[in-house]
**Q** 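Attaching a single structure in structure tokens format; questions to follow.
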Protein chains: 2
Amino acid sequence: MTEVPPEGLTISAAAEMSGLSVDTLRYYEKEGLTLHRPGRSPSGQRRYTEQNVAWLGTLVMLRKTGMPIRDIKRFVELYRVEGSEADRLAILQAHRQHVLDDLDEVQTHLAAINRKIDYYNTAVMQGK
Amino acid sequence: MTEVPPEGLTISAAAEMSGLSVDTLRYYEKEGLTLHRPGRSPSGQRRYTEQNVAWLGTLVMLRKTGMPIRDIKRFVELYRVEGSEADRLAILQAHRQHVLDDLDEVQTHLAAINRKIDYYNTAVMQGK
DNA sequence: ATGAACCTTGGAGCGCGCTCCAGGTCAAGC
DNA sequence: GCTTGACCTGGAGCGCGCTCCAAGGTTCAT
């Protein structure tokens with residue numbers, strides 16, 4: 001599906017695939033959010049493997065659902081601790097609940113938006 | 001339902017009712033997000049009417065669904081323009097679409113979170 | 001009448017998540 | 001050989017949305 005050559009992708013290619021910016025990729029790495037740091041070409045440029053890019057997808061998933069950088073960092077660090085699977089699972093489950101609560105709140109407010117739109121449509125716009 | 005005495009609520013009471021902080025209330029007012037500025041007591045303290053508090057609810061609705069302060073300001077300003085109902089409606093409808101797109105994206109990522117949780121549950125945690 | 005609680009203003013400060021910049025290296029193409 | 005362009009690093013800067021602070025006024029309970 002995704003085609004990552006064996007020598008790896010440049011940072012700009014990885015950025016494009018992940019939907020993040022080049023600067024954000026370097027920033028995430030600096031913050032310790034990478035599961036494995038990408039390798040380097042002989043001249044020192046980053047080379048992203050399929051695995052590297054896959055993890056970027058995880059980062060996008062967590063960020064887009066509102067997990068702060070700080071919390072993602074803690075999550076990643078658990079991957080370096082042996083036998084921490086239960087802890088990682090707990091974090092994911094807690095985050096899942098967080099997302100569900102968030103969705104619920106937004107949907108409630110969305111209903112209010114819909115009511116306001118209806119109000120404009122029926123009570124205000126009939127004279128048009 | 002809500003009980004606002006005729007002389008109005010203090011800022012701390014309005015804060016509690018709206019779920020916003022006292023500082024945020026003053027900040028919103030400074031930024032021009034209020035539909036009507038709250039009145040003042042003889043000594044200069046803000047007094048929030050039922051109408052004032054109701055508008056705070058609208059502000060919360062828009063903020064919690066991700067509308068930036070800047071956009072809310074534009075929306076409020078339309079209330080001061082006569083015959084701008086169609087424009088206000090358009091803004092609400094555009095925002096509604098924005099919220100729907102957002103919800104969609106979050107739900108997609110939520111599905112990925114669920115898959116990751118399932119992975120931990122089935123493939124990793126069975127030994128415990 | 002003393003002190004606590006609450007309010008006022010203007011403005012500074014802050015946490016977050018990037019985003020941008022300067023100055024430099026390197027590889028490829030003309 | 002030279003230019004172009006993508007990459008590197010460390011660090012500064014920024015937009016957002018509050019949040020807090022200082023200095024002062026008022027109100028109220030004991």
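Heavy-atom basis, side chains included; hydrogens, waters and symmetry copies ignored. Proteins come first, then strands; the chains are lettered A, B, ... in the order of their sequence lines, and each starts at number 1.
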**Q** Base, sugar-phosphate, or nothing: which does B:Ser41 touch, judged by heavy atoms less than 4.0 Å apart?
**A** nothing

**Q** Can you check the A:Leu9 CG to D:dC7 P distance for me, whole Å?
**A** 11 Å

**Q** Across nucleotides 17-30 of chain C, 5' to 3', mark each nucleotide with B, S or - according to how protein heavy atoms within less than 4.0 Å reach it.
**A** BBBB-----SS---

**Q** Could you tell me whether B:Arg47 contacts a base, only the sugar-phosphate backbone, or nothing, with contacts defined as non-hydrogen atoms closer than 4.0 Å?
**A**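 No contact.
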
**Q** Starting from C1' on D:dT26, measure out to CD1 on B:Ile11 and report it in whole angstrom.
**A**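 Result: 16 Å.
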
**Q** Donor-acceptor check, side chain of A:Thr49 to backbone of A:Gly8, threshold 3.5 angstrom: yes or no?
**A** no

**Q** Check side chain to side chain contact (heavy atoms under 4.5 Å, CB included) between A:Thr58 and all other residues, then give those that pass, not counting sequence neighbours.
**A** A:Trp55, A:Met61, A:Leu62, B:Lys116

**Q** Which nucleotide in the set D:dC8, D:dC7, C:dT9 lies at the smallest distance from any side-chain heavy atom of A:Arg40?
**A** D:dC8

**Q** Answer yes or no: is there a donor N or O on one side and an acceptor on the other, between the side chain of B:Ser84 and the main chain of B:Leu78, under 3.5 Å?
**A**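 Side chain of B:Ser84 to backbone of B:Leu78, a donor-acceptor pair under 3.5 Å: yes, one is there.
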
**Q** Where the side chain of A:Arg63 meets the backbone of A:Met67, is there a donor-acceptor pair that is under 3.5 Å apart?
**A**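 Flag set: sc A:Arg63 to bb A:Met67 pair under 3.5 Å.
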
**Q** Between B:Thr24 (side chain) and B:Leu20 (backbone), is there a donor-acceptor pair under 3.5 Å?
**A**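 Side chain of B:Thr24 to backbone of B:Leu20: no pair is present.
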
**Q** Will you find, in the side chains of B:Arg88 and B:Tyr79, an N or O donor that is under 3.5 Å from an N or O acceptor?
**A**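 No.
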
**Q** Write down the distance between CD (A:Glu7) and P (D:dC7), rounded to a whole number of angstrom.
**A**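 Between P of D:dC7 and CD of A:Glu7: 14 Å.
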
